[in-house]
Colleague: 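Here it is: the structure, laid out below.
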Amino acid sequence: MKLAIRIILWASLATVVGSALAVVGGQLTLDQAKLACLVATAVWFAGSFVPQKSE
Amino acid sequence: MDKDFALNPVPPEARDRTGRFWSLYAGEHAAGTEFMIGPLFIAAGVGARDLILGLLIGNLLAVLMWRYLTMPVAAAWRLTLYRQLELVVGRNFVLVYNLANALLFCALAGSMVTVSATAIGVVAPITMPGLQDLWPTGAGWVLVVAGIGALFTIFAAWGYHWVARIADVAAPWMLVVFLGCGLVALPQLGVHSPGDLVRLAGDIWTGGDPLPGQTKFTFWHVCFFAWCCNAAMHLGMGDLSILRFAKSKAAGWAPAGGMYLGHGMAWIAASLLYAVQLRADPANTAVLPGPMANAALGFTGVLCVVIAGWTTANPTIYRAGLAIHALKPTMSRFHVTLGVGAVVTVIGMFPIVAMRLLDFVGLYGMVLAPAGALLAVDHFILRRGAVPNDLGRVGPVAGWRSYAAWIGALALCAIPLSQGMFASFLVVPAWLGCAVFFWILQTRLAPKEVR
């Protein structure tokens, strides 16, 4: 469970960087990247507090 | 019971592995201030080569200070700065140092309230401050700052432990958002590949005239700023409180994570946001992190500005409260922190500290760093690295000689400062001056048992 959460957390951070890089490369528009970053942010904060609840 | 080891050395069983210090420093140096400092580099007319070389060398010098000045003292004594100052130079000096520290902390926290208020300005119709604004810009601005300041103060007064938890969680995310902000700014500046960045760097960091009211930055300004912006922590030995928990002296290299991510990547990313703003409208010179981050990453960027400002201001208000509380321990810490928060909020209404942050940070280092010179002379020269086994045998305190050295060094630096010299240039001279004065006074004028 902890490993799964950790993978999701890393994936959410990678999403922020990846979507920003996609804007540089022209694969995503700025608005699409903003939306991806927002979702990734929500996942990051939600996932970060899950281990604390189980402690 | 001294469970935080506030008065006693940290025992071996309470010491931590080096890896923890890397993450701690990386998080601590991705703060709200970075959103102001990056843009102010562009406002100061810095050139691309000066910026990159200045950051590389200045940050390296800062890391070397942590590793070879602060870390050896921390590993030898395992005490907080305050406790070691108390033992070596005397309790009264610590009280004066605390007062200076608290005043500077209030101004720093005030600038973070200003930064966070700019994020509210994205959604609220208020007049935002410009680069040259020194006074509050209107009733709306005052109300927003008052609201944010009150919120920060209440959290700090109630104990900031869960804010510290949010800061821990947010730190890696903030670093990534800083990076994301910088990356999405690149296409708007005409950069689509690493080759473009090298070619167009001179168009982004032009090296031209500074904007009105800002000091012109050269390589030396960037280098000394990067070296000395945390001088209170390395030259001034404020981080004895952290590094004394390190198992190995290798933890002294850990600040490199904070320097090259927070004070390298984050500053460059923040300056790119400002470059985009200036390119869109050269007349819009206001350094407003909220709108800049909103333009880059939308709500994620705004949230990053708020959290960065909040997680920097909160412990700063808390520490300032503790510093004032130490002056009068009979007062309630809760009420002291409320009072400190009120001062911070009023300072936050005046954009001067935030807009002149580059000068303020240098001043902060110049005033506080010499305290570390006293400990460095005592440890490396007078004691030759030998630490007494029993803290009761440290010896008589230096007393007035430490005040004389500190004030003498500051007085010498006050002359060039009053003539307009960049404050970061004076941090190292202030430190060296204090060290030399203290060494002379201790070896010539101190009673025999002190020498």
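Protein chains get the first letters and strands the later ones, always in sequence-line order, with residue 1 at the start of each.
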Colleague: Which atoms form the tightest heavy-atom contact between Leu30(A) and Ala296(B), and what is the distance?
Modeller: CD1-O, 3.4 Å
Colleague: Between Trp173(B) and Ala40(A), is there a donor-acceptor pair closer than 3.5 Å when you use the side chain of the first and the backbone of the second?
Modeller: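 Flag not set: sc Trp173(B) to bb Ala40(A) has no pair under 3.5 Å.
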Colleague: Considering only heavy atoms, which portion of Ile307(B) lies under 4.5 Å from any heavy atom of chain A: side chain, backbone, both, or neither?
Modeller: side chain
Colleague: Taking all atoms of both residues into account, what is the closest heavy-atom pair of Val24(A) and Val191(B), and its distance?
Modeller: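 Scanning both residues, the minimum pair turns out to be CG1-O, 4.1 Å.
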Colleague: Could you tell me the separation between the CG atom of Leu179(B) and the CG atom of Leu13(A), rounded to the nearest 0.5 Å?
Modeller: 10.5 Å
Colleague: Quick check on Asp196(B) against chain A: is it the side chain, the backbone, both or neither that has a heavy atom closer than 4.5 Å?
Modeller: neither
Colleague: Given the options Val169(B), Val177(B), Leu175(B), which has more heavy-atom pairs under 4.5 Å with chain A than any of the others?
Modeller: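 Top count of heavy-atom pairs under 4.5 Å with chain A: Val169(B).
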Colleague: So which of Leu303(B), Leu186(B), Val184(B) has the biggest tally of heavy-atom pairs under 4.5 Å with chain A?
Modeller: Val184(B)
Colleague: Of the non-hydrogen atoms in Pro172(B) and Trp44(A), which two are nearest, and what is the gap between them?
Modeller: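 Looking at all heavy atoms of both residues, the shortest contact is CG-CZ2, 3.7 Å.
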Colleague: Distance check, rounded to the nearest 0.5 Å: Leu297(B) atom CG versus Ser19(A) atom OG?
Modeller: 7.5 Å
Colleague: Between the side chain of Thr300(B) and the main-chain N/O of Leu38(A), is any donor-acceptor distance below 3.5 Å?
Modeller: yes
Colleague: Considering residues, nucleotides and ligands other than Phe45(A), do more than 12 of their heavy atoms fall under 6.0 Å from its CZ?
Modeller: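 Count over threshold, so yes.
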Colleague: Between CG of Leu21(A) and CG of Leu183(B), what distance do you get to the nearest 0.5 Å?
Modeller: 5.0 Å
